[in-house]
Chemist: 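Here you go, one structure.
All heavy atoms count here, side chains included; hydrogens, waters and symmetry mates do not. Naming: A, B, ... by sequence-line order, numbering from 1 per chain.
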Amino acid sequence: MHILLERVGRGDVRATWLDLSREGVPERMETLALGGLPALVEAEEAGAPGSADRPRWVWDDTRAWYPALLSAGARVERCVDLRLCHVILRGSTLTAATPLARADPGPWDAVVEPEAEAPAVHTALFDLDEPADAAVASPASVRDEFVAQEQAIASSADPRRLRLLLAAESAGALIGVELQYAGLPYSAERHDALLTGLLGPRPAYGRPAVLEGLVRELREQLEAPDLNPDSPPDLLKALQRAGILATSTRSWELRRIEHPVIDPLLRYKKLSRLLTANGWTWLDAWVHDGRFRPDYVPGGVVTGRWATRGGGALQLPRQVRGAVVADPGWKLVVADAAQLEPRVLTGLSGDEAMAAAGRGKDLYEGIVASGAVDARAQAKVAMLGAMYGATTGESGRLMPRLTRAFPRAVRLVEDAARAGERGEKVTSRLGRSSPLPGGRWGEVQSAASAADATEADERRARSLGRDWGRFTRNFVVQASAAEWALCWMAELRNRLTALAPGAAFTASPHLVYFLHDEVIVHTPEELADEVAAAVRASAEQAGRLLFGAFPVEFPVTAAIVDSYAEAK
DNA sequence: GAAAAGGGCGCG
DNA sequence: AAAGCGCGCCCTTTTC
């Protein structure tokens with residue numbers, strides 16, 4: 001049963017019960033005040049979890065509906081996020097022939113401006129004074145859009161995969177809101193202690209003492225009393241005056257130079273980065289009441305990966321992970337999918353040899369054992385090179401050996417690269433397609449094939465083509481890996497709910513962090529082992545959902561710890 | 001004086 | 001060894 005929700009009039013919501021087997025004819029409709037919605041949701045969600053008569057809530061945008069429901073204690077098991085699904089169906093090669101994909105851009109294609117959207121965590125319970133244009137959809141369009149999407153899926157080239165993708169994407173939208181609601185358990189005290197230990201006490205203004213001392217040292221050693229080490233041109237000039245032949249001020253380049261100024265300079269860079277990215281200002285802005293609550297954006301990346309808005313949650317440095325600490329009596333289960341992308345490539349290509357290499361062990365060790373390369377580091381660099389399109393260096397040199405050992409896997413990424421070079425779309429396992437090259441790509445390519453094309457035109461076109469080929473090469477793997485991760489997390493979410501039936505969301509095991517191929521669950525100590533088992537079982541299930549019976553394994557590590565820093 | 005671009009670095 | 005993919009965010013410099 002689908003229940004469509006849309007805003008009507010001022011402060012009302014219309015719920016429409018729709019049974020798809022009845023041609024989109026509504027079973028019943030009900031208009032209620034917004035304040036009454038949590039009660040409706042709770043009543044409809046009260047059935048046995050997972051049973052067929054469970055509702056699937058259909059709305060324009062999960063971020064606009066779910067935070068207030070969650071705050072009111074109304075948890076939702078399943079939804080359809082029409083905005084996210086629309087993006088997928090408009091772009092997918094599997095639905096290219098459908099009316100939904102062929103129509104001119106409409107309101108559902110509008111980019112949602114971050115500032116037009118209420119910050120999810122601060123949304124009051126259905127603010128009645130919300131401006132009228134806040135709703136994305138006009139009153140009639142939720143049902144029209146839902147019906148159009150259903151039609152597009154049904155007439156697509158692979159409805160099963162698309163349905164799975166859209167369900168996973170929508171589950172991701174729910175999880176994104178729940179992650180923010182729960183927050184990552186975070187000790188501001190530990191973070192502050194770490195900063196103070198490395199930088200000195202928090203200054204009222206200006207640089208902390210340790211950084212100030214380093215700047216003084218740099219200025220003396222380089223005999224540049226006005227040096228601003230934060231200015232790359234300034235710094236480069238000072239280095240060159242001191243006889244250091246660097247072409248940039250990047251740390252990895254400086255690291256190879258032997259000179260007494262390099263050590264303090266590298267220390268300055270590291271500490272300065274810590275201060276500006278995750279210093280006290282960051283702490284004040286993002287950590288409150290023992291929780292770090294970043295603003296996740298499911299589907300925020302072209303490949304279907306998530307993005308974040310503010311807080312930099314997906315770049316939380318290893319350096320500060322000791323501040324992520326479980327509550328007393330609780331544990332963190334930190335889970336990481338081992339070598340996810342190469343394993344996804346294995347499944348995509350049906351490469352039996354690579355599946356065997358990854359069976360029961362570290363995939364890179366397995367590649368060494370297969371005789372393709374001599375050392376684990378080589379296996380890793382070769383695989384990354386294949387998936388990213390490396391042509392030079394060690395990675396490029398290893399490609400022929402990798403190709404000989406795993407022809408199917410390598411052919412899959414090569415084919416994706418060639419398609420991109422021709423300006424075609426490529427499509428992930430479940431049906432997310434890459435965008436077409438934009439900007440001046442078309443012009444450049446036609447200029448290069450024109451009769452009067454110069455050599456420079458051709459070079460430029462080839463270079464742009466290769467660039468786009470590397471993007472599509474990586475797209476098929478990264479997008480499919482993102483799908484695996486969504487399925488993993490959605491499955492895990494259901495299993496966690498089942499571990500503590502009837503318990504309030506944040507009083508039972510729940511997801512608190514997601515990082516592409518890694519999740520953290522916050523759980524009462526006594527359930528930690530069961531959570532770890534659920535994490536592994538969910539990974540197996542995700543593998544089956546994407547690749548059926550093909551024997552590619554998806555091992556996950558699951559560490560039961562008090563602090564994130566203790567994992568791996 | 002604001003916006004865009006560039007350099008750099010954190011994460012996967 | 002620092003290339004080859006996807007990001008977000010900070011600071012400085014350049015451009016409008």
Side-chain angles (χ1 to χ4, degrees), chain A residues 114 207 227-237 246-256 265-266 268-279 281-282 285-286 294-297 299-321 336-342 344-345 375 377-378 380-399 402 413-414 416-417 420 426 428 432 434-435 466-482 484-485 513-519 564 568:
Chain A
R207 289 193 178 96
L227 172 72
N228 174 6
D230 295 327
S231 164
D234 197 11
L235 181 57
L236 194 59
K237 264 180 247 146
T247 59
S248 79
T249 64
R250 291 193 281 263
S251 291
W252 63 260
E253 187 181 343
L254 298 177
R255 201 161 291 137
R256 297 187 305 183
L265 179 54
L266 291 176
Y268 174 84
K269 280 173 161 282
K270 187 78 185 166
L271 292 175
S272 166
R273 164 82 193 185
L274 174 65
L275 176 70
T276 55
N278 296 96
T281 312
W282 175 87
W286 294 101
D295 197 0
Y296 292 96
V297 187
V301 177
V302 276
T303 58
R305 274 188 173 184
W306 290 17
T308 53
R309 202 148 46 209
L314 304 183
Q315 299 109 256
L316 195 69
R318 282 174 184 279
Q319 220 177 357
V320 308
R321 292 184 179 181
D336 179 292
Q339 305 104 33
L340 177 60
E341 291 198 346
V344 164
L345 173 57
Q378 280 188 339
K380 184 172 179 175
V381 93
M383 279 309 303
L384 291 177
M387 295 186 298
Y388 293 163
T391 52
T392 60
E394 185 184 13
S395 184
R397 283 195 297 278
L398 289 168
M399 282 302 287
L402 198 70
V413 287
E414 290 293 328
V426 294
S428 69
R432 190 187 306 263
S434 62
R466 294 234 170 85
D467 288 350
W468 197 256
R470 282 195 302 278
F471 165 64
T472 53
R473 168 196 296 267
N474 186 250
F475 182 96
V476 288
V477 178
Q478 190 182 116
S480 301
W484 182 91
Y513 192 59
F514 173 52
L515 185 54
H516 307 313
D517 59 358
E518 189 175 332
V519 298
Y564 192 8
K568 43 179 174 181

Chemist: Return the minimal non-hydrogen interatomic distance between Gly299(A) and Trp306(A), and the atom names on each side.
Modeler: N-CD1, 3.7 Å
Chemist: Starting at OH of Tyr388(A) and ending at P of dA3(C), how long is that distance when rounded to a whole Å?
Modeler: 13 Å
Chemist: Hey, which of these two, Asp234(A) or Glu394(A), hits DNA chain C nearer its 5' end, going by closest nucleotide?
Modeler: Glu394(A)
Chemist: Students often get this wrong, so: under 4.0 angstrom with heavy atoms, is Arg305(A) touching a base, only sugar-phosphate, or nothing?
Modeler: base
Chemist: Test of understanding: with side chain to side chain donor-acceptor pair (under 3.5 Å), list the residues that count as partners of Tyr564(A), not counting sequence neighbours.
Modeler: Arg321(A), Glu518(A)
Chemist: Classify the nucleic acid contact of Arg321(A) as base, sugar-phosphate or nothing, counting any heavy atom under 4.0 Å across all strands shown.
Modeler: sugar-phosphate
Chemist: Under 4.0 Å, heavy atoms only, any strand: does Val302(A) hit a base, just the sugar-phosphate, or nothing?
Modeler: sugar-phosphate
Chemist: For residues 247-256 of chain A, which residue pairs pass the salt bridge (Lys or Arg N to Asp or Glu O under 4.0 Å) check, not counting sequence neighbours?
Modeler: none
Chemist: In plain terms, say whether Asp234(A) and Lys237(A) are close enough for a salt bridge, that is, a side-chain N and a carboxylate O under 4.0 Å apart.
Modeler: no
Chemist: For Gln378(A) and dA1(C), what is the distance between atoms CD and P respectively, to the nearest whole Å?
Modeler: 11 Å
Chemist: What's the CG-C1' distance between Asp517(A) and dC7(C), to the nearest Å?
Modeler: 14 Å
Chemist: Tell me, what's DNA chain C's dot-bracket, Watson-Crick or G-U with both distances under 3.5 Å, | for other-strand, [ ] crossing?
Modeler: ....||||||||||||
Chemist: If you find the nucleotide of DNA chain C closest to Arg470(A) and the one closest to Gly310(A), which residue's nucleotide is nearer the 5' end?
Modeler: Arg470(A)
Chemist: What does Gln478(A) touch in the nucleic acid at a heavy-atom separation under 4.0 angstrom: a base, only the sugar-phosphate, or nothing?
Modeler: base
Chemist: How is Gly396(A) classified with respect to the nucleic acid when contacts are heavy atoms under 4.0 Å: base, sugar-phosphate, or nothing?
Modeler: nothing
Chemist: Output the single nucleotide from dT12(C), dA3(C), dG12(B) whose closest atom is nearest the side chain of His516(A).
Modeler: dG12(B)
Chemist: Checking contacts here: which listed nucleotide (dG8(C), dG4(C), dG12(B)) is nearest the side-chain heavy atoms of Thr308(A)?
Modeler: dG8(C)
Chemist: Could you walk me through whether Leu266(A) and Lys270(A) satisfy the side-chain contact (heavy atoms from CB on, under 4.5 Å) test, starting with their C-alpha distance in whole Å, then the side-chain angles of each, then the deciding distance to 0.1 Å, before giving a yes or no?
Modeler: CA-CA 6 Å; Leu266(A) 291 176; Lys270(A) 187 78 185 166; over 6 Å; no
Chemist: Nearest whole Å is fine: how far is dA1(C) P from Arg256(A) CZ?
Modeler: 10 Å
Chemist: Protein-nucleotides 3-9 of chain B N/O pairs closer than 3.5 Å?
Modeler:
unit_1 : atom_1 : unit_2    : atom_2 : d
dG8(B) : OP1    : Thr249(A) : N      : 2.9
dG8(B) : OP1    : Thr249(A) : OG1    : 2.5
dG8(B) : OP2    : Arg250(A) : NH1    : 3.4
dG8(B) : N2     : Arg273(A) : NH1    : 3.4
dC9(B) : OP1    : Ser251(A) : N      : 3.2
dC9(B) : OP1    : Ser251(A) : OG     : 2.5
dC9(B) : OP1    : Lys269(A) : NZ     : 3.4
dC9(B) : OP2    : Ser251(A) : N      : 3.2
dC9(B) : O2     : Arg273(A) : NH1    : 2.9
dC9(B) : O2     : Arg273(A) : NH2    : 3.4

Chemist: Taking CG from Leu402(A) and P from dG4(C), how many angstroms apart are they, rounded to a whole number?
Modeler: 18 Å
Chemist: Whole angstroms only, please: what is the CZ-P distance between Phe514(A) and dC11(B)?
Modeler: 17 Å
Chemist: Which whole-number value in Å describes the distance from Asp467(A) CG to dG4(C) P?
Modeler: 9 Å
Chemist: Quick check for you: to the nearest 0.5 Å, what is the distance between Asp230(A) atom CG and Leu235(A) atom CG?
Modeler: 9.0 Å
Chemist: Atom CZ of residue position Arg466(A) - does it have more than 12 heavy atoms of other residues, nucleotides or ligands inside 6.0 Å?
Modeler: no
Chemist: Please report the shortest heavy-atom distance between Tyr513(A) and Ala313(A), naming the atom on each side.
Modeler: OH-O, 2.6 Å
Chemist: Under 3.5 Å, which donor-acceptor pairs link side chains of residues 472-481 of chain A to any protein atom two or more places apart or in another chain?
Modeler:
unit_1    : atom_1 : unit_2    : atom_2 : d
Thr472(A) : OG1    : Ala416(A) : O      : 2.8
Thr472(A) : OG1    : Trp468(A) : O      : 3.3
Thr472(A) : OG1    : Gly469(A) : O      : 3.1
Arg473(A) : NH1    : Ala386(A) : O      : 2.9
Arg473(A) : NH1    : Glu414(A) : OE2    : 3.4
Arg473(A) : NH2    : Glu414(A) : OE2    : 3.3
Asn474(A) : OD1    : Gln478(A) : NE2    : 3.1
Asn474(A) : ND2    : Met387(A) : O      : 3.3
Gln478(A) : OE1    : Thr303(A) : OG1    : 2.7
Ser480(A) : OG     : Arg429(A) : N      : 3.0
Ser480(A) : OG     : Val476(A) : O      : 2.6

Chemist: Using only heavy-atom distances, decide whether a donor-acceptor pair under 3.5 angstrom links the side-chain of Arg318(A) to the base of dG10(B).
Modeler: no
Chemist: So what does Leu316(A) hit on the nucleic acid, given a heavy-atom distance under 4.0 Å: a base, only sugar-phosphate, or nothing?
Modeler: sugar-phosphate
Chemist: How is Ala277(A) classified with respect to the nucleic acid when contacts are heavy atoms under 4.0 Å: base, sugar-phosphate, or nothing?
Modeler: nothing
Chemist: Roughly how many Å is it from CG in Asn228(A) to C1' in dT13(C), rounded to a whole number?
Modeler: 12 Å
Chemist: For Ser231(A) and dT13(C), is the shortest distance between a side-chain N/O and OP1 or OP2 below 4.0 Å?
Modeler: yes
Chemist: May I ask you to test the Lys269(A)-Thr249(A) pair for a side-chain heavy-atom distance under 4.5 Å?
Modeler: yes
Chemist: Restricting to side-chain contact (heavy atoms from CB on, under 4.5 Å), what partner residues turn up for Trp286(A), sequence neighbours left out?
Modeler: Trp282(A), Phe292(A)
